[in-house]
Amino acid sequence: MSGRSTKRGFASRPGDAESWIKSSDASRRRIDNTAALTARLTIDVTPALRGRIKVVAFQRGVTVADMLRELLAREFPLIPEIRHERQ
C-alpha cells in the first residue's frame, strides 16, 4: 500500500513543470482582467423575488448575473436620456 496511485484526482498537476507554470500564469491573467472590469453589487431581495428572477433567467437561457447586468445597463445608460419624472 505504499505505492502511489495512478488514478489522477481533479486537482492533479500536469506532468511537466513548464506547462504547470504557464497554465498558472494564464489563469491568473484571466482572473485579473475580469476583476478589473467588474465590481460586486449586493442587494437584499425577498426569497420570492429571488426565485422569480432565477426562473425568468432560466427560461431566457441566461445567467441571473447577465440578465441583471443587461437590465441595469438599459436602465442606467452611459449617456442618460432626458426623463420626465412624475411629480
Side-chain angles (χ1 to χ4, degrees):
M1 299 246 9
S2 63
R4 295 184 75 170
S5 171
T6 57
K7 183 178 170 187
R8 293 185 68 166
F10 83 97
S12 61
R13 292 176 256 197
D16 63 318
E18 199 62 35
S19 64
W20 183 34
I21 292 168
K22 288 179 183 175
S23 69
S24 176
D25 289 342
S27 63
R28 186 178 308 119
R29 275 194 305 270
R30 199 171 29 238
I31 290 169
D32 291 344
N33 289 342
T34 303
L37 301 175
T38 62
R40 180 137 337 245
L41 175 66
T42 304
I43 61 168
D44 293 323
V45 296
T46 64
L49 177 57
R50 180 177 180 262
R52 292 194 314 265
I53 292 168
K54 289 177 77 169
V55 167
V56 170
F58 178 77
Q59 289 171 338
R60 294 179 183 178
V62 297
T63 65
V64 169
D66 287 340
M67 185 178 73
L68 293 177
R69 278 188 207 104
E70 183 181 321
L71 178 130
L72 292 169
R74 230 181 12 249
E75 193 63 28
F76 303 101
L78 222 43
I79 302 172
E81 299 172 7
I82 298 174
R83 291 186 150 187
H84 298 287
E85 299 282 331
R86 283 193 271 180
Q87 294 183 0

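Here, residue 1 is the first one in the sequence, and each next residue gets the next number.
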Which residues satisfy the side-chain contact (heavy atoms from CB on, under 4.5 Å) test with Ala48, sequence neighbours excluded? Thr46, Arg52
Going by the rule side-chain contact (heavy atoms from CB on, under 4.5 Å), which residues pair with Val55 if we only count those two or more places apart in sequence or in a different chain? Gln59
Salt bridge (charged side-chain N to carboxylate O under 4.0 Å, His left out) pairs touching residues 59-72, sequence neighbours excluded, are Asp66-Arg69, Glu70-Arg74
Using a side-chain heavy atom cutoff under 4.5 Å and only I, L, V, M, F, W and Y, what cluster partners does Ile53 have? Leu41, Ile43, Val45, Leu49, Val56, Val62, Val64, Met67, Leu68, Leu71, Leu72, Phe76
